[in-house]
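Because only heavy atoms are used, hydrogens play no part in the values below, and waters and symmetry mates are left out as well, while side chains stay in. Proteins come first, then strands; the chains are lettered A, B, ... in the order of their sequence lines, and each starts at number 1.
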There are 2 protein chains.
Amino acid sequence: MKELIAKYREKGFKLTPQRLAILKFLNGNTSHPTAEDIYSNIKKIYPTVSFATVYNTLQTLKDKNEILEITIDPQKKHYDPNIKPHHHIICIECNTIGDIFEDYSEALRLPDYIAMEFKPVGSHVDFYGLCIKCQKKERRKRQ
Amino acid sequence: MKELIAKYREKGFKLTPQRLAILKFLNGNTSHPTAEDIYSNIKKIYPTVSFATVYNTLQTLKDKNEILEITIDPQKKHYDPNIKPHHHIICIECNTIGDIFEDYSEALRLPDYIAMEFKPVGSHVDFYGLCIKCQKKERRKRQ
DNA sequence: TATTAAATTAGAATTATTCTAATTTAGATA
DNA sequence: TATCTAAATTAGAATAATTCTAATTTAATA
Ligand SMILES: [Mn+2]
Ligand SMILES: [Mn+2]
Ligand SMILES: [Zn+2]
Ligand SMILES: [Zn+2]
């Protein structure tokens with residue numbers, strides 16, 4: 001907590017209680033929350049917090065490279081405080097997102113022809129699957 | 001054109017003029033259009049066409065595995081009539097999407113620990129980059 | 001303590017997408 | 001060919017995610 005405050009103060013963040021609550025919620029969070037998830041969590045502590053604050057804070061954090069915006073879910077954006085390069089797997093039933101810590105960069109060579117069209121700057125692998133919960137539900141349904 | 005009609009009639013599509021216009025627009029299209037792109041193109045020929053028709057047709061095509069929905073652009077969905085497995089690169093400036101025809105499946109092995117959480121069913125690589133147009137704009141700006 | 005740039009807020013606006021319910025029509029059938 | 005009907009189309013409303021606005025508050029600084 002102390003370190004969190006120190007870290008963000010160093011980076012020139014103005015540390016309001018709402019922001020701190022958001023930072024605290026995100027810190028070490030591996031659940032890939034949506035803006036709504038963050039909002040409803042913060043609202044428990046600061047009932048008057050607004051969506052604008054959540055979105056503004058997320059934008060600031062994106063700008064300062066403190067979080068990643070994840071686009072694997074077609075319904076909505078998810079946010080990830082883990083900015084170390086990694087990949088994701090999403091459950092095609094319930095949209096739960098899991099982390100994949102593997103370095104595929106060596107294998108993900110682009111074909112030569114693409115250099116005429118794009119200068120690559122990064123990559124990310126979306127895996128699709130069924131989470132255990134949804135596997136169990138499927139099995140139940142089948143019987 | 002004849003083949004298009006034959007193909008979709010076989011699959012049990014009811015072939016309305018609006019649908020045919022959509023199918024014709026999508027056929028061989030490598031631009032990864034959005035629903036809006038499709039709508040405004042079809043509107044030129046059928047001025048009374050509605051967004052509902054575009055979305056309904058896209059849904060039907062998805063259900064019958066004739067198109068892919070692409071989630072690489074955080075702003076909106078794009079559609080791809082090329083259903084052969086391939087990957088995409090998106091321009092981080094203008095959102096132009098290009099195709100990457102490379103088979104990375106061999107390299108994209110999931111770590112063992114993930115089997116406890118997910119049963120994988122597929123994967124897709126999102127590449128990020130700058131398209132040539134945007135590279136040129138950047139250069140102009142720098143000078 | 002006073003100052004002020006930045007953050008917060010409620011609520012409106014925007015944008016993408018989905019839904020609804022009335023109308024039309026493609027394709028099957030007689 | 002005329003009739004039938006399930007499926008498709010439509011306008012427009014509804015919903016949901018996100019962004020914007022403009023008034024108010026506040027953290028950090030001097
Ligand atoms: Mn992650
Ligand atoms: Mn493609
Ligand atoms: Zn699941
Ligand atoms: Zn571009």
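- A:K62 has its NZ atom 10 Å from the C1' atom of D:dT18, to the nearest Å.
- Side-chain atoms of B:E93 and B:K137, non-hydrogen and from C-beta on, never get closer than 4.5 Å to each other.
- Across C:dA7, D:dA11, D:dT18, the shortest atom-to-atom separation from the side chain of A:K76 is found for D:dT18.
- Residue B:T16 has its side chain nearest to C:dA26 when only C:dG11, D:dT10, C:dA26 are considered.
- Positionally, the nearest nucleotide of DNA chain D for B:T53 lies more toward the 5' end than for the other of B:T53 and B:Q75.
- Note: CG (B:N56) to P (C:dT24) measures 18 Å, nearest angstrom.
- Between the CG atom of B:D63 and the P atom of D:dA8 there is a distance of 11 Å, rounded to whole Å.
- Residue B:A35 is the one, among B:A35 and B:L15, whose nearest nucleotide of DNA chain C lies closer to the 5' end (criterion: closest heavy atom).
- For B:T57, the listed nucleotide lying nearest its side chain is D:dT9; candidates were D:dC20, D:dT9, C:dA6.
- Here the P atom of nucleotide C:dA16 and the CG atom of B:D73 are 10 Å apart, to the nearest Å.
- Nearest nucleotide to the A:K14 side chain, out of D:dT9, C:dA10, D:dA27: D:dA27.
- Between the side chain of B:K77 and the backbone N or O of B:A35, no donor-acceptor pair lies under 3.5 Å.
- Electrostatic pairing of B:E66 and B:K7 counts as a salt bridge here, judged by a charged N lying under 4.0 Å from a carboxylate O.
- Distance B:D37 CG to C:dA16 P: 10 Å, rounded to the nearest Å.
- Taking 4.0 angstrom as the limit, A:Q59 places none of its side-chain polar atoms (N or O) nearer than this to OP1 or OP2 of D:dT18.
- Taking the six-membered ring for Trp and the full ring otherwise, the centers of A:H86 and A:H124 sit at least 6.0 Å from each other.
- Note: A:H87 and A:F127 fail the aromatic proximity criterion, with ring centroids not under 6.0 Å apart.
- The shortest distance between the side-chain N/O atoms of A:Y55 and the OP1/OP2 oxygens of D:dT19 is not below 4.0 Å.
- Ranking D:dT18, C:dA26, C:dA10 by closeness to the A:T48 side chain, first place goes to C:dA10.
- Nucleotide C:dA5 holds its C1' atom 16 Å from the CZ atom of A:F13, rounded to whole Å.
- The nearest whole Å value for the distance from the CG atom in B:N95 to the P atom in C:dA16 is 12 Å.
- In this structure, B:R9 and B:Y79 both approach DNA chain C, and ranking their closest nucleotides by distance from the 5' end singles out B:Y79.
- As judged by a 4.0 angstrom heavy-atom cut-off over every strand, B:P74 is placed among residues making no nucleic acid contact.
- Contact annotation: A:R19 side-chain N/O to C:dA6 OP1/OP2 distance is not under 4.0 Å.
- When B:K62, B:Q59, B:H78 are each tested for a side-chain hydrogen bond (donor to acceptor under 3.5 Å, both in side chains) with B:E69, only one passes: B:K62.
- Among the nucleotides D:dA17, C:dA7, D:dA28, the one closest to any side-chain atom of A:E36 is D:dA17.
- If you measure from atom CG of B:L58 to atom P of C:dT18, you get 10 Å, rounded to the nearest angstrom.
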